[in-house]
Amino acid sequence: MVWTGTWVSDRLGIELAGDDELRGLLGLALRRNPKRAHLLVSGVLGKHVPQLPSVVHGHGVTLGRRVRALLGPEEAARAVVLGYAETATALGHAVADGLETAPYLHSTRRPVASVPSAGGFEESHSHATYHLLLPEDPAFFDRGGEAGRGPLVLVDDEFSTGNTVLNTLRDLHARHPRDHYVIVALVDMRAAGDAGRLAAFAEETGARVDVVAHARGTVRLPEDVLARGLRLVEEQDGRTADPLVPCAPAVAPVRLDLGWPAGLPDGGRHGFTPDHRARLREALPAMAARIVDGLGGPEQAGRVLVLGFEELMYAPLVLARALEEAGLDVRFSTTTRSPVLAVDDPGYAIRTRLAFPAHDDPADGPGERYAYNVAGGGFDTVLAVVDSAADTPALHAPGGLLAQLATAAPRVALAVVPAHTPVPRTPDRQEPPVLPAPLRGPDFSSYEPDDVGWLLQDLSAVRLEAPVEEREEAVQRGGAHYAESLPVEYQPTEEYQELYRDALAGSAARIARAVGTVTELVLAERSPRPVLVSLARAGTPVGVLMRRWARHRHGTELPHYAVSIVRGRGIDANALRWLAAHHDPADVVFVDGWTGKGAITRELADALAGFPGFDPEIAVLADPGSCVRTYGTREDFLIPSACLNSTVSGLISRTVLRDDLVGPHDYHGAKFYRELSGSDVSRDFVAAVEDRFDEVADAVDQQVKEAASADRAPTWEGWAAVERISEEQGIHDVNLVKPGVGETTRVLLRRVPWKILARRGAGADLAHIRLLAEQRGVPVEERDDLPYTCVGLIHPRYTRGATGADGKAVGSA
């Protein structure tokens, strides 16, 4: 392939440095993406650049064979392969082909209600960031037999920073720890510091981590490349017209019947086994013959482009390769979500683009999709291959994909692969036992019995507490999950308790307004008789107050329960089962205290994919992260219930999820700290806010009226800010950045803090933060550019000898 990166390198100073093969694999283009300016464009991946199917598949198979040689026959027979959506789905499949005996799964951005999530992770620089793991077989990641879990092979097209791989490794190692990981890519472009972070993960967990790549190098970026890249994109948009035909007429393509084998998955979205691979190989010659006949033979077909569809890459790829073996002149590429600038210049990798509306009813809403380097490619026929979920009116509409393709080639054909609908497999087909009724005060919690029912099991007799430093070390080393133990309860000093009392006196009316606003919005927009389900425990005081508002203002007694949700592990499925048996799931409204970056919002959405009828939208008191549309306020202010732990939450601990304590038919656990009753302010907090309900009633009515006509759609501004801070501070892990007053307080009370970023002039809202930071010897850095009032940073590489930003040992509360 001729080097196609000079246009970008000449204008932005971006350079590729690496081995001899690198420039034969990569070109450069510019993203329409505020997170990263450049795009490394692979010439052998079959995504943005049409390529011979044998070349695309062959590169993946070669990598798979290298992995097989690395592992040896015994380890290779126990391996599982995971690819990344959307770019590397076919590459991961081909690596699994090279391994021969490995089952394959790729991440997806298409949730399926019948399949519970087995995990998820962030691809921070991507245009669409969140990945789901939805294997049909719940034991997919546990393959390995009596010898234990086998190696996990993770496949991506290229490594730039390694952040996505690290996010994946941490998520999966917490759920399914194993001894060996193999990271596979066409090109490894990590800098030395990025490579060191992967080595640090291996050292922390004790796992072996190998990297296999066709080529290695680095990208040299000027400091201001992002700003310059965005300006260059704007400049080019103003000068050139994209080759778009938005009003192209509807067309009737040649529709080809593949004869796809019944029951054969269309790809690896839910898993693809060696048996599936064998069935597909056997069926390919006949399917290729049908395509050739449908196109009128090789001469009439001419030069053919087989165009796959986003994550659906492998099935179109192997169909294209079968056509190549049958003698057709074939190239392969796919459509994509990624917005990239097109420039018709020989030194630029993306010469043309076609844009069209999404046509598969995506879960994240409508949007534009693209096909690159199709127009001007000299194709006589374009065969679009989509799954049945994407064969919608939008596909065939004027301006849709098929109409746009008709502007780029004389002939358009369509083949539809049946979208695989998994049937969830459960290892135990027996009816689960009847679940116990919710726990209530005074036997469990200091709240009134009617205030909240806890769908938890009582672990008060079990010793679960560990020093903060020990917990942090265990969690970050990958040997433990934060929900497997409890921090020692922070006992506030008299000075700190006085700050709490002052904060409550000064903010009770403000909290009452937010409580009233969010409750009225729930009653008006969600259900006239909602079932409040708070996420224990930060959401529980808010749920109690919302219940009190409904009773005070409307004389309505709303049911209220508290359930456990654990980041990385999901929501308590047994609690959901109890709720579904006793209430209409459509009436359930999940409640939390505040949003930080929105991790729990995403976690809940993933967890509920397997529980139809429940609405995943959370109602929160404060939404500074702009992650939800049902909230009392979007201000980041001090909510006094965030200042304390159990003593403001009914004397209930954090929730606990540990295999030796929580069985398959048990609720998650928690402790009732009866011994702290002398310090309990749970009822006092509720009473102080409830006393202000009449005072704020008119203000609530006005806020609800304004909210009803406002655009409250989530913008996820907080998540973008967290990603930026993570990179600026050199942490490279969004899970260690805790934005907002509430989350920063948690960092200081329960974790090992590194430093605190505080908005200059924040005042009384941060008095308790400054006091806690002083007590723990944690520096507070004043900033003018924070979207939050403050941000807490967990120490990124904690051991018992860890030091803070000033070089001093981190202290213990």
Side-chain angles (χ1 to χ4, degrees), residues 35 124 161 163 193 197 200 223-224 226-227 468-469 472 475-476 487 490 492-493 495-496 499-500 503 594-599 622 624-626 634-639 642-643 717-813:
K35 301 175 184 177
S124 58
T161 65
N163 285 350
R197 290 190 289 117
E223 290 186 2
D224 59 347
L226 182 56
V468 172
E469 289 82 1
E472 194 68 46
V475 169
Q476 290 201 22
Y490 168 72
T493 64
E495 183 183 7
Y496 187 82
L499 275 177
Y500 162 77
W594 56 85
T595 64
K597 57 182 175 284
S626 190
R634 276 190 169 152
E635 297 178 44
D636 183 19
F637 71 99
L638 171 58
I639 301 171
C643 292
E717 294 174 6
W719 189 272
V722 166
E723 290 177 332
R724 174 176 57 81
I725 291 168
S726 174
E727 298 304 309
E728 285 177 357
Q729 296 292 324
I731 294 176
H732 307 296
D733 186 348
V734 293
N735 292 321
L736 301 182
V737 180
K738 302 296 185 181
V741 178
E743 292 301 304
T744 302
T745 304
R746 287 177 165 186
V747 169
L748 288 163
L749 291 178
R750 306 176 191 166
R751 304 297 293 270
V752 175
W754 183 34
K755 57 182 169 180
I756 306 300
L757 309 181
R759 186 190 296 158
R760 201 181 310 277
D765 276 339
L766 291 189
H768 77 295
I769 294 288
R770 297 182 192 280
L771 178 60
L772 283 173
E774 180 182 353
Q775 291 175 347
R776 299 204 63 181
V778 179
V780 178
E781 181 180 307
E782 303 282 347
R783 296 277 291 268
D784 294 315
D785 60 345
L786 287 183
Y788 295 91
T789 303
C790 60
V791 176
L793 305 181
I794 297 171
H795 202 288
R797 289 292 178 269
Y798 182 70
T799 66
R800 293 180 194 173
T803 58
D806 62 355
K808 296 179 181 179
V810 175
S812 173

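Numbering starts at 1 and runs along the sequence shown.
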What are the two closest heavy atoms between Gly792 and Thr744, and how far apart are they?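 Closest pair (atom of Gly792, atom of Thr744, distance): N-OG1, 3.1 Å.
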Which atom pair, heavy atoms only, marks the closest approach of Tyr788 to Gly740?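 Shortest heavy-atom contact: CD2-N, 3.7 Å.
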Identify the residue among Val747, Ile794, Leu757, Leu793 that makes a side chain to side chain contact (heavy atoms under 4.5 Å, CB included) with Val737.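 Among Val747, Ile794, Leu757, Leu793, the one meeting side chain to side chain contact (heavy atoms under 4.5 Å, CB included) with Val737 is Leu793.
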Of Ile725, Asp636, Val722, which meets side chain to side chain contact (heavy atoms under 4.5 Å, CB included) against Pro739?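 Output: one option passes, namely Val722.
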What verdict does the side chain to side chain contact (heavy atoms under 4.5 Å, CB included) test give for Val791 and Arg759, after you've listed the backbone C-alpha separation in whole Å, the side-chain angles of each residue and the deciding distance to 0.1 Å? CA-CA 9 Å; Val791 176; Arg759 186 190 296 158; over 6 Å; no
Main chain of Val741, side chain of Thr789: is a donor-acceptor contact present, judged purely on distance under 3.5 Å?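 Judged by distance alone, no pair lies under 3.5 Å.
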Glu782: partners by salt bridge (charged side-chain N to carboxylate O under 4.0 Å, His left out), with sequence neighbours left out: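 In terms of salt bridge (charged side-chain N to carboxylate O under 4.0 Å, His left out), with neighbours along the sequence ignored, Glu782 is linked to Arg770.
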Run the salt bridge (charged side-chain N to carboxylate O under 4.0 Å, His left out) test on Arg634 and Glu717 for me, step by step, so that the C-alpha distance in whole Å, both residues' side-chain angles and the decisive distance to 0.1 Å come before the verdict. CA-CA 11 Å; Arg634 276 190 169 152; Glu717 294 174 6; over 6 Å; no
So how far is it from Cys790 SG to Ile756 CD1, rounded to the nearest 0.5 Å?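 CD1 of Ile756 is found 7.0 Å from SG of Cys790.
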Which value, rounded to the nearest 0.5 Å, describes the distance between Ile769 atom CD1 and Leu748 atom CG?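 If we round to the nearest 0.5 Å, Ile769:CD1 and Leu748:CG are 5.5 Å apart.
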Check whether any side-chain heavy atom of His795 lies under 4.5 Å from a side-chain heavy atom of Pro753, and answer yes or no.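 No, too far: nothing below the 4.5 Å cut-off.
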Does Lys755 reach the side chain of Val780, with side-chain heavy atoms less than 4.5 Å apart?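 No, too far: nothing below the 4.5 Å cut-off.
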Would Thr745 and His768 satisfy side chain to side chain contact (heavy atoms under 4.5 Å, CB included), going step by step from the backbone distance to the final call? CA-CA 8 Å; Thr745 304; His768 77 295; 2.8 Å; yes
Decide, yes or no, whether a salt bridge links Arg760 with Glu781 under the criterion of side-chain N to carboxylate O below 4.0 Å.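 No, Arg760 and Glu781 are not salt-bridged.
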With a 3.5 Å cut-off and no angle check, do the side chains of Trp754 and Gln729 form a donor-acceptor pair?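 There is no such pair between these side chains.
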Glu774 atom CD, neighbour heavy-atom count above 12 within 6.0 Å: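 12 or below, so no.
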